[in-house]
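Working notes, structure below.
In what follows, every chain begins at residue 1, and chains take the letters A, B, ... in the order their sequences are listed. Computed from a prediction, not measured in an experiment: that's the story for all the values here.
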2 protein chains.
Amino acid sequence: MAEETKFFKTAFSVDNVIFGFDDGDLKVLLIERGEDPYVGMWALPGDLVYPNEDIDSSATRVLKELTGLENVYLEQVKAFGAVERHPLGRVITIAYYSLIKISSNKLKTSSFAKKAKWHSIKQVETLAFDHSEILKASILLLKKSIRNRPIGFELLPPKFTLTQLQHLYEAVLDAELDKRNFRKKILSMGLLEDIDEMQEGVAHRPARLYRFDKQKYETLMAEGFVFELSDSKKLMGTTKQ
Amino acid sequence: MAEETKFFKTAFSVDNVIFGFDDGDLKVLLIERGEDPYVGMWALPGDLVYPNEDIDSSATRVLKELTGLENVYLEQVKAFGAVERHPLGRVITIAYYSLIKISSNKLKTSSFAKKAKWHSIKQVETLAFDHSEILKASILLLKKSIRNRPIGFELLPPKFTLTQLQHLYEAVLDAELDKRNFRKKILSMGLLEDIDEMQEGVAHRPARLYRFDKQKYETLMAEGFVFELSDSKKLMGTTKQ
DNA sequence: TCAAAAGTGTTCTTATTACACCCATGG
DNA sequence: CCATGGGTGTAATAAGAACACTTTTGA
């Protein structure tokens, strides 16, 4: 700690808001702090930026150290730089958010990762540092981004049903969507490939499985196609509450 | 410089993309560098962040030192932190953009400001550091923001004509808009107050003057109103090129 | 009287919304 | 045979797009 305090005079860090989707709920991966400051509280995973490391690489590294995952959707949220945001010194942090498929992920067993746990974003208590504020900003950005870019798929397994996709959107946007309108809209974009497979072992009529066609998206993009879902105030169905 | 080089081992800075609108053109305020590195090149105005200064305050200060203006629209773009972005050391910079009314602004005469000049964004050459990249990201963000928030008014004098407003949108979005559709749309939002004054001294039929009703906007916001202009791919008229 | 920009409505087309029933499976 | 979620179409409404002529002023 004494060592670190020196280092901490002025430093940059990255903090990573790692989103996952499971059990119909949007989740965020948090770490229980094992040391002061804020010992025992939950915090976003992060680290100081190494001297010879780009900030993007730093965020990628944190994610990999924690989850073992690479080639994952990762985007900068913004920098947070209030003077007193870190009690040990002047630390400006750059927040990132990433989207991962929880199912395909076993958390690593490093000491770092051992204290990690998925939290439903509905039930996150107050976090260490200014991390509550960072989380809030990240959720807002995610809500916005998911309507303008086809990133929802990053949170689902490669093969998914339309209902899974709809529930994902509902969780992120915190609103209810109309089933028929949602399907019509999303299928009309032509980005989903019906892979002619069915769900198995469910106690109801099995659903078709789809796959996101990334190549098709890139082709359409080049032609000026714009991914867009209507505003969440009036959505594609009934607004919650 | 030797002094500064020491300081520069690792530091944070802010860079401010100051937009203005004049003569039908979107402009950005740049500074000619008087010292190495990149002496003689144009750069975004910026400064190191003081040890006891929030990053937002730092951006506000840079803006004030340069233009004398306070209470101006200012928003963070994002952080730029490639390892080799600054030749003298590791400097992570936080980019901001601000919107000012050029007309109401006489640049200050500090040595800092003496080298400042408005450049049409259509004619900006390669900038110092990674500032070309920062400018590009800022313009993209501005294009997006101007469609989702009523910030265009920040670039116009308090009283303006609908044609001025339309030209502003056309300059920012880099597209042509249909006059009738634009007016219908913007007036239907109910955010413009017709102040019953007319343009004077123009060699054609004088236009009505309007004022942006900020209070009205806040009231509507609270009721769930969403400011939104349709996507620039299909806009409110004919797309350029 | 000319040039320049202001101002104004309607029709067509497309996208969004609201809404209810039958189907396939496992237990 | 029941419970569960899968799957489907249509009509009404709202929003966006296309489009041309008259008006007012100063020079």
Side-chain angles (χ1 to χ4, degrees), chain A residues 23-24 147-148 156 159-171 173 175-190 192 194-210 224-240, chain B residues 23-24 147-148 156 159-171 173 175-190 192 194-210 224-240:
Chain A
D23 204 13
R147 292 202 293 114
N148 296 310
L156 292 177
K159 303 169 179 182
F160 50 84
T161 70
L162 292 180
T163 300
Q164 282 177 298
L165 186 62
Q166 181 180 340
H167 287 161
L168 164 62
Y169 271 91
E170 290 178 331
L173 298 175
E176 275 166 29
L177 307 184
D178 179 88
K179 184 162 61 162
R180 280 179 287 193
N181 293 338
F182 177 80
R183 285 167 181 242
K184 207 186 314 168
K185 176 76 187 177
I186 207 88
L187 287 175
S188 76
M189 291 183 182
L192 297 188
D194 177 344
I195 58 173
D196 241 310
E197 285 181 49
M198 293 293 185
Q199 248 182 340
E200 277 172 29
V202 287
H204 54 79
R205 174 170 174 183
R208 276 182 177 283
L209 293 173
Y210 292 82
F225 168 80
V226 180
F227 184 94
E228 183 152 36
L229 274 69
S230 56
D231 186 84
S232 55
K233 284 289 171 354
K234 40 187 182 176
L235 274 171
M236 299 152 279
T238 321
T239 304
K240 237 185 212 173
Chain B
D23 203 13
R147 292 202 293 113
N148 297 308
L156 292 177
K159 303 170 181 185
F160 51 85
T161 71
L162 293 180
T163 300
Q164 281 177 300
L165 186 62
Q166 181 179 341
H167 288 162
L168 164 63
Y169 271 91
E170 290 177 331
L173 297 175
E176 274 167 29
L177 307 184
D178 179 88
K179 183 162 61 161
R180 281 179 286 193
N181 293 339
F182 178 79
R183 285 167 181 242
K184 208 185 314 168
K185 175 76 187 178
I186 207 87
L187 287 176
S188 76
M189 291 184 183
L192 297 187
D194 177 344
I195 57 173
D196 241 311
E197 287 180 45
M198 292 294 186
Q199 248 183 340
E200 277 172 28
V202 287
H204 53 79
R205 177 171 173 182
R208 278 183 175 283
L209 294 173
Y210 292 82
F225 168 81
V226 181
F227 184 95
E228 183 152 34
L229 273 70
S230 57
D231 186 86
S232 55
K233 284 288 172 354
K234 38 188 183 176
L235 273 172
M236 300 153 279
T238 322
T239 304
K240 238 184 213 174

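One N or O on the side chain of B:E170 and one on the backbone of B:L177 form a donor-acceptor pair closer than 3.5 Å.
Between the C1' atom of D:dA15 and the CD atom of B:E228 lies a distance of 12 Å, rounded to the nearest Å. Computed from coordinates, the A:F160 CZ to D:dG6 C1' distance equals 16 Å when rounded to whole Å. The distance between atom CE of A:M189 and atom P of C:dT14, rounded to the nearest whole Å, is 18 Å. Distance, A:F182 CZ to C:dT16 C1': 15 Å, rounded to whole Å.
Not a single side-chain hydrogen bond (donor to acceptor under 3.5 Å, both in side chains) links A:Q199 to another residue, sequence neighbours left out. Every residue meeting the side-chain contact (heavy atoms from CB on, under 4.5 Å) condition with B:M189, not counting sequence neighbours, appears here in chain and number order: B:K185, B:L191, B:F225, B:F227, B:L229. With sequence neighbours left out, A:K184 forms a salt bridge (Lys or Arg N to Asp or Glu O under 4.0 Å) with no residue at all. Not counting sequence neighbours, the partners of A:L187 by the side-chain contact (heavy atoms from CB on, under 4.5 Å) test are A:L162, A:L192, A:Y210.
Between B:S230 and the phosphate of D:dA17, there is a side-chain N or O to OP1/OP2 separation shorter than 4.0 Å.
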How does each nucleotide of nucleotides 3-9 of chain C score, in 5' to 3' order, for protein heavy atoms under 4.0 Å: base (B), sugar-phosphate only (S), or none (-)? BBBBBBB

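Nearest heavy atom pair, residue B:G24 against residue B:A171, reads O-CB, 3.8 Å. Among all heavy-atom pairs drawn from B:T161 and B:Q164, the shortest one is N-OE1, 2.8 Å.
In the helix from C:dT1-D:dA27 to C:dG27-D:dC1, the rotation axis of the first five pairs and that of the last five pairs differ in direction by 10°, rounded to 10 degrees.
To the nearest 0.5 angstrom, B:Q166 atom CD is 10.0 Å from B:I186 atom CD1.
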